[in-house]
Amino acid sequence: MDYQDIDALTEEQAKAELARLAEEIAGHDARYHTDDAPEISDGDYDALRRRNLAIETKFPELVRSDSPTHRVGAAPAEGFAKVSHIVQMLSLGNAFEPDDVHEFSDRVRKFLSVPDGEPLLFTAEPKIDGLALSLRYENGKLVQAATRGDGRIGENVTANALTIKDVPHKLEGEDVPEVFEARGEVYMSHEDFAALNERMAESGRVFANPRNAAAGSLRQLDSEITKTRPLRFFAYGWGDVSHVPADRQSGVIEAMGRWGLTVNPRMAVCASVDEMLAYHKAVEAERASLGYDIDGVVYKVDGLDLQGRLGFRSREPRWAIAHKFAAEVATTVLEDIDIQVGRTGSLTPVAKLRPVTVGGVVVSNATLHNEDYIKGIGGDGEPIREGRDLRVGDTVQVYRAGDVIPKVVDLDLSKRPKDSLPFVFPETCPECGSDAVREEGEAVRRCVGGLICPAQAVERLKHFVSRNAADIDGLGAKQAEVFWADGWIKQTADIYTLEERFGGDNIQALKSKEGWGSKSAEKLFRAIDERRILPLDKFLFALGIRHVGEGTAALLARTYMSWDALRIAMEAMAAGDADARATLVNVDGVGEVLADALSAFFAEPHNLEGLNALLTHVVVEDAAPPAQQGVLAGKTLVITGTLERMSRSEAKARAEAAGAKVSGSVSAKTDYLLAGEKAGSKLKKAQELGVSVLSEEDWITLIES
Ligand code: IVH
């Protein structure tokens with residue numbers, strides 16, 4: 001078929017062609033993946049995908065929801081199909097100390113306006129150290145099992161889940177809803193783990209801990225292998241459901257148990273923080289004899305109406321928290337101190353340890369945080385370890401808590417070798433020789449080499465391709481390092497010209513590298529193509545700016561909505577525009593530290609050059625506007641005065657969930673003023689400007705309509 005030049009396409013023609021391409025490519029996918037009977041050559045197929053992508057790049061507003069660029073439903077022959085979670089799979093915030101649990105309870109009470117004297121129930125249950133699994137039942141029958149993935153998209157592991165004996169193929173009971181997505185944790189018992197490793201030892205490969213064993217077993221491509229692995233499952237929550245069988249968390253768990261799912265027999269309901277802490281203590285005491293790994297206790301607000309009101313912040317529910325157990329400890333020798341340079345130039349000292357088992361895992365590296373930490377000075381400038389420094393050759397104690405990187409926490413001075421010397425922290429970067437500077441009030445020393453520092457450049461590259469960032473399949477940290485070392489990828493933009501430089505007739509160079517053949521190269525090029533359009537939040541996170549984690553990237557995306565708007569604001573701020581800075585700092589969840597980091601990033605010419613190069617290959621998709629229906633969508637609301645029926649934070653969260661922006665001051669742009677009791681100057685100003693004023697009654701009616 002002859003194709004019209006893309007630049008000459010009208011919007012209408014482009015739309016029609018994207019529709020045709022989506023259908024045609026889907027047909028080829030099915031014939032290739034499902035029927036194993038492709039009709040066209042790989043080259044022709046790729047040409048179709050490329051044309052589709054080129055049109056999408058020219059007309060980003062026409063990208064279809066079933067675009068082949070985004071559709072990952074057809075499994076690559078050697079991978080799992082992807083599953084979009086209808087309800088996101090979230091993670092949990094952590095509490096470590098009893099005070100953190102008190103604060104959690106206080107936060108919940110404040111948000112819900114439940115005074116201290118009034119009862120508030122929480123469930124408490126063990127936090128299983130495994131991996132999350134979602135099981136979708138339709139009309140009682142298990143139709144799909146999926147891993148958590150990045151919370152939005154996971155892997156379809158249905159065939160494997162069906163081999164787990166705690167996973168019923170059918171739910172039994174009068175009240176089983178039409179759709180019920182049960183969520184819980186897959187894990188392996190200590191006994192089964194030991195036996196599996198004994199079997200595996202013959203092949204020379206063993207798992208480091210039961211969690212890795214569970215993950216490795218669930219993610220086997222051949223379900224026959226999973227079947228031989230003794231996996232277990234506890235259900236503790238739910239996702240997409242047509243009906244909730246109770247009005248309390250504890251009630252739903254009880255129902256899931258009745259229907260045949262395995263639920264943890266230790267779940268309890270607590271009526272106070274004291275009861276929660278007592279529960280934690282009791283479970284911790286039982287920990288060693290449970291027979292499976294747990295790394296803490298999870299508390300959840302029991303009332304589902306309250307859970308609904310509390311909602312989520314970033315990727316964590318406000319209504320639940322994980323109370324972690326104290327770490328495990330072991331003694332070993334500090335053999336050396338290495339300095340690693342991170343993506344933002346930070347020099348981090350890493351302890352090289354004589355290998356030691358801590359809580360079932362062999363540890364040979366541990367963090368030493370920063371130079372003060374080695375000297376025996378804490379974050380607040382006060383002495384730690386009674387001021388004792390750490391030296392190579394010292395006998396040290398190592399702590400490991402769950403997933404957290406092990407730490408060196410203390411030392412035994414009596415065992416210090418006579419000839420040991422204090423550690424001298426480098427003042428130049430071990431990677432590029434640039435100065436390593438410690439700014440006033442900072443604990444961290446940073447290399448000033450920016451992108452000329454190879455360590456920073458390669459760390460940024462690894463971050464860019466990583467799972468929760470651009471997520472380029474086939475280009476993991478290892479491959480990125482190799483391409484970088486060979487000079488094939490010097491900056492992120494170079495990823496997108498790999499095919500131009502090393503595809504087609506030039507494939508030989510790539511093929512001569514270990515582990516690369518025509519097929520894997522093709523796969524890599526396609527994976528890269530699929531990431532030529534990146535959602536704003538992923539793009540921002542992928543840039544690897546200091547302090548811009550996933551949650552912050554999402555927050556910035558929601559605030560500015562488009563890359564252009566964000567960039568204009570950031571560059572203005574970097575150039576000293578006070579208004580641009582004030583707008584950013586006014587966003588709930590943004591502080592001066594983040595504003596400084598963004599200013600520093602956008603003020604650096606190297607970064608802007610790198611960005612411009614990247615943007616010649618990548619289209620940044622606008623953030624999806626929040627819930628579009630309803631009178632509050634897209635409106636700006638200001639809250640003032642005292643509210644009787646909900647806290648200000650709840651009112652704000654409800655408004656934001658309904659798509660409104662909550663601002664701190666009344667202006668001509670304000671759509672509504674929610675005025676509680678004793679409203680003052682803001683009410684006056686709103687009246688002067690003719691802004692609609694809502695009483696608390698009006699407000700409740702509005703959000704409940
Ligand atoms: S509730 C919205 N309950 O811990 C709340 N999670 O660190 C979702 N986990 O991703 C989680 N035991 O994989 C919950 N009893 C439990 C759990 C549990 C283990 C895991 C889960 C979650 C992770 C967060």
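Every value quoted in this text rests on a predicted model; they were computed, and no experiment measured them. Atoms within a ligand are numbered from 1 in the order they appear, just like the ligands themselves.
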Inset, instruction - Identify, by atom number and element, the atoms of ligand 1 in contact range of E125, meaning under 4.0 Å from any of its heavy atoms. - result: 15 (N)
Legend entry - Nearest-neighbour protein heavy atom for atom 3 (N) of ligand 1, which is reported as residue plus atom name and distance: K300 NZ, 3.1 Å
Legend entry - Salt bridge flag under 4.0 Å for residues R136 and E138: yes
Legend entry - Minimum-distance protein heavy atom relative to atom 20 (C) of ligand 1: E185 OE1, 3.4 Å
Legend entry - Protein residue, atom and distance nearest to atom 12 (N) of ligand 1, heavy-atom basis: I128 N, 3.0 Å
Legend entry - Side chains of F122 and F104 in contact at under 4.5 Å (non-hydrogen atoms): yes
Inset, instruction - Could you see which bit of M89 sits under 4.0 Å from ligand 1, with heavy atoms only: side chain, backbone, both or neither? - result: neither
Legend entry - Taking atom 8 (C) of ligand 1 as the reference point, the nearest protein heavy atom with its distance: L90 O, 4.0 Å
Inset, instruction - Check if G184 has a non-hydrogen atom at a distance under 4.0 Å from any atom of ligand 1. - result: no
Legend entry - Nearest heavy atoms of N365 and L353, plus distance in Å: C-CD1, 4.2 Å
Legend entry - Sidechain N-carboxylate O distance under 4.0 Å for K538, D150: yes
Inset, instruction - Determine whether the side chain, the backbone, both or neither of K127 has a heavy atom under 4.0 Å from any heavy atom of ligand 1. - result: both
Inset, instruction - Please could you name the atoms of ligand 1 that P126 approaches to less than 4.0 Å, counting only its heavy atoms? - result: 15 (N)
Inset, instruction - May I ask you to decide if the ring planes of F325 and H280 are parallel, tilted or perpendicular, using 30° and 60° as cut-offs? - result: tilted
Inset, instruction - State plainly whether the residues K462 and E459 are in salt-bridge range, i.e. N to O under 4.0 Å. - result: yes
Legend entry - Expected output: side-chain Y187 to main-chain P210 donor-acceptor under 3.5 Å: no
Inset, instruction - Would you check whether L131 has a nitrogen or oxygen atom less than 3.5 angstrom from a nitrogen or oxygen atom of ligand 1? - result: no
Inset, instruction - Looking only at non-hydrogen atoms, find the nearest pair between V101 and H323 and report the distance. - result: CG2-ND1, 3.4 Å
Legend entry - Residue selection (non-hydrogen contact nearest atom 17 (C) of ligand 1) among F234, W319, F312, Y236: Y236
Inset, instruction - Could you say whether the N/O atoms of V298 and ligand 1 ever approach to under 3.5 Å? - result: no
Legend entry - For atom 5 (C) of ligand 1, the protein heavy atom that lies nearest, with its residue and separation: L92 CD2, 3.7 Å
Inset, instruction - Please confirm whether R183 comes under 4.0 Å of ligand 1, counting heavy atoms of the residue only. - result: no
Legend entry - Any P317 heavy atom less than 4.0 Å from ligand 1: yes
Legend entry - Test item: R531 side-chain N/O and D471 main-chain N/O as donor-acceptor pair under 3.5 Å: yes
Legend entry - Centroid-centroid under 6.0 Å between F180 and H243 rings: no
